[in-house]
J.: 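Shown below is the structure under consideration.
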Amino acid sequence: MSTTADKKVFIKTYGCQMNVYDSERMNDVLVPLGYGETEHPEDADLIILNTCHIREKAAEKVYSDIGRLKKLKDARHSTGQDSLIAVAGCVAQAEGQEIIRRAPTVDMVFGPQTYHRLPNMLEKIKAGGKSIVETEFPAEDKFDGLTSTSGHKRLSHGVAAFVTVQEGCDKFCAFCVVPFTRGAEFSRPVSQIEEEVHQLVEAGVREFTLLGQNVNAYHGTDSDGTLLSLGALLDRLSRIDGVDRLRFTTSHPRDMNDELIDTMAHNDVVMPYLHLPVQAGSDSVLKAMNRQHTAQEYIDLIAKIRKAIPHLALSGDFIVGFPGETEQDFEDTMTLVREVTYAQAYSFKYSVRPGTKAGDLENQVPEEIKSVRLTKLQELLMEQQLAFNEQSLEQEFNLLLERQGRHEGQLIGRSPYLQAVHIEAKGHKIGDIVRVHVDKVGPRSLSAHIIEDTAQLN
Ligand code: SAH
Ligand code: SF4
Ligand code: F3S
């Protein structure tokens, strides 16, 4: 095993936060093999595209990127240096061998459940030279191959980190590829998560975002064999020394249990931010999407959550132009948004995905209509985001300083509500938690000044 970085890896991450997590874990696996990360693909011995299949655009972008990388690879080859191109992630899982057929320059294709086998795959390539496709869902659990006992320490990448606690999905929303690309719903055992969090605390991480496609469906086994819900897991992790802030994403309305609401209401380490997508506001669209709840049920659920956590920042996802969506259906979405009000939200035009239940529906909404609806919805959501930020004006809260700002001395942190907040550092550094007073608000960020000087706050 080599310890110095004598080879270079370039990893490009597309898609969701779980892919960000997976890319970091791939890097963790490669470090003991002598790979150091580079931001320059032209210097890389190994190029990994960690891809996303959620919408057509995301998936197609991978092929144009491969086209560009092929030129770099050929140029390196002509100077006697080799580089390998790997396609990982959800496009790899969905398309497998097809990727190599379309782009023969690709050396390796592996899905989200097999990247712990990277050392083995690299060995095989070195020995045989033939391309490799590993996209089955293996019997062994990838997370077992990523623990310290298997020689893979979790390395730190800053003061806020993602930790996957649940993966996969059994909900099969009619539009969505995730149950196919990530597989069946699975919860990691509690002790494994605790080990990872301990390692990250030691490496200087103070804020943890627990990830799962249906994170609030978490039901992981504790060491005594009992099952812990997400609320109980958050409570447990909040007691670890050095865990100052906890977040989690993404939740599904059907799995929003009272225990989680109670934890959010009473545990100060758990931040008052909830990402709870509804996708649409019309019952007939929700039914066609197979979301398994009505608009009113969602509205009532939000009312119940807000009663327990009045200062909650609510976030969501929306799809406009699902097949068969009428003007009235779309207006129902606008009405729901007006009634619920969001601190922040993501919205998308429906994109046909092969293999999903909605993939071969005939009653597609024309692209121009989708665009008009998306613009209208985004205007409303942006108004609400600004209104939410305006409530923060002259407020005080604790800020975790996460990264350098644009100019010298400026640092950027996240408020408890996940707003980006700019401050003048004045002797403080990344990783400090400071108490601030908000002086200025905009639609996308806030500015504040420090009012209290302690790194012990949380
Ligand atoms: N697991 C999460 C998120 C899944 S993907 C959840 O259940 O909410 C993130 C978002 O992408 C979804 O919430 C949805 O709004 C959007 N999305 C998924 N499939 C899509 C499609 N075919 N077209 C457009 N948007 C889509
Ligand atoms: Fe996709 Fe629905 Fe599962 Fe979310 S709950 S990952 S949208 S199938
Ligand atoms: Fe994309 Fe896969 Fe995440 S499809 S959104 S990278 S789970």
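As the structure lists them, so they are numbered: ligands from 1, and atoms in each ligand from 1. Computed from a prediction, not measured in an experiment: that's the story for all the values here. One is the number of the first residue; the rest follow in order along the sequence.
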J.: Would you say the rings of Phe172 and Phe180 are close, in the sense that their centroids are separated by under 6.0 Å?
T.: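 Centroid distance Phe180-Phe172: below 6.0 Å, so yes.
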
J.: Test side chain to side chain donor-acceptor pair (under 3.5 Å) on Gln385 and Asn389; report intermediate values, then the result.
T.: CA-CA 6 Å; Gln385 186 170 321; Asn389 287 351; 5.9 Å; no

J.: Could you list all the side chain to side chain donor-acceptor pair (under 3.5 Å) pairs where at least one residue sits in residues 211-222, not counting sequence neighbours?
T.: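 Counting only pairs at least two positions apart or across chains, the side chain to side chain donor-acceptor pair (under 3.5 Å) contacts touching residues 211-222 are Asp222-Arg236.
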
J.: Consider side chain to side chain contact (heavy atoms under 4.5 Å, CB included). Of Thr249, Thr164, Leu237, which one does Leu210 pass it with?
T.: Leu237

J.: Checking side chain to side chain donor-acceptor pair (under 3.5 Å) between Gln113 and each of Glu136, Glu167, Glu134, which is the one that passes?
T.: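 Between Gln113 and the candidates, side chain to side chain donor-acceptor pair (under 3.5 Å) is satisfied uniquely by Glu167.
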
J.: Do Phe322 and Tyr350 have ring centroids that are under 6.0 Å from one another?
T.: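 Yes: the rings meet the under 6.0 Å criterion.
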
J.: With heavy atoms of Phe175 as the reference, note each atom of ligand 2 found under 4.0 Å away.
T.: 7 (S)

J.: Apply the side chain to side chain contact (heavy atoms under 4.5 Å, CB included) test between Phe10 and each candidate in Ile85, Leu46, Ile47, Leu72; give the one that qualifies.
T.: Ile47

J.: Does Tyr342 have its ring centroid less than 6.0 Å away from the ring centroid of Phe318?
T.: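 Between Tyr342 and Phe318, the centre distance is under 6.0 Å.
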
J.: Regarding Arg117 and the six-membered ring of Phe110, is the cationic atom NZ or CZ under 6.0 Å from the ring centre and inside 45° of its axis?
T.: no

J.: So which protein N/O/S atoms does atom 3 (Fe) of ligand 2 have within less than 2.8 Å?
T.: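 Correct list: Cys169 SG.
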
J.: Any chance you could lay out the side-chain contact (heavy atoms from CB on, under 4.5 Å) test for Ser371 and Lys349, step after step, and finish with the verdict?
T.: CA-CA 7 Å; Ser371 299; Lys349 286 193 253 184; 3.0 Å; yes

J.: Does Arg182 have a heavy atom less than 4.0 Å from any atom of ligand 2?
T.: no

J.: Show the protein residues that qualify under the rule heavy atom under 4.0 Å from an atom of ligand 1, listing them in chain and number order.
T.: Ile54, Arg55, Phe175, Gln213, Thr250, Pro277, Gln279, Asp317, Ile319, Phe348, Lys349, Tyr350, Ser351, Arg353

J.: Check each of Glu379, Glu325, Glu368 against Arg373 using the salt bridge (Lys or Arg N to Asp or Glu O under 4.0 Å) test, and report the only one that passes.
T.: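 One option only clears the test, and that one is Glu325.
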
J.: Would you call Asp28 and Arg25 a salt bridge, taking side-chain N to carboxylate O under 4.0 Å as the test?
T.: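 The answer is yes: the pair qualifies as a salt bridge.
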
J.: Tell me, which protein N/O/S atoms are under 2.8 Å away from atom 3 (Fe) of ligand 3?
T.: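 Metal shell, protein only: Cys16 SG.
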
J.: So do the side chains of Arg188 and Val163 get within less than 4.5 Å of each other, counting heavy atoms only?
T.: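 Arg188 vs Val163: side chains touch.
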
J.: I would like to know whether Gln419 and Ser392 meet side chain to side chain donor-acceptor pair (under 3.5 Å); could you show each step before the answer?
T.: CA-CA 10 Å; Gln419 296 146 304; Ser392 298; 3.0 Å; yes

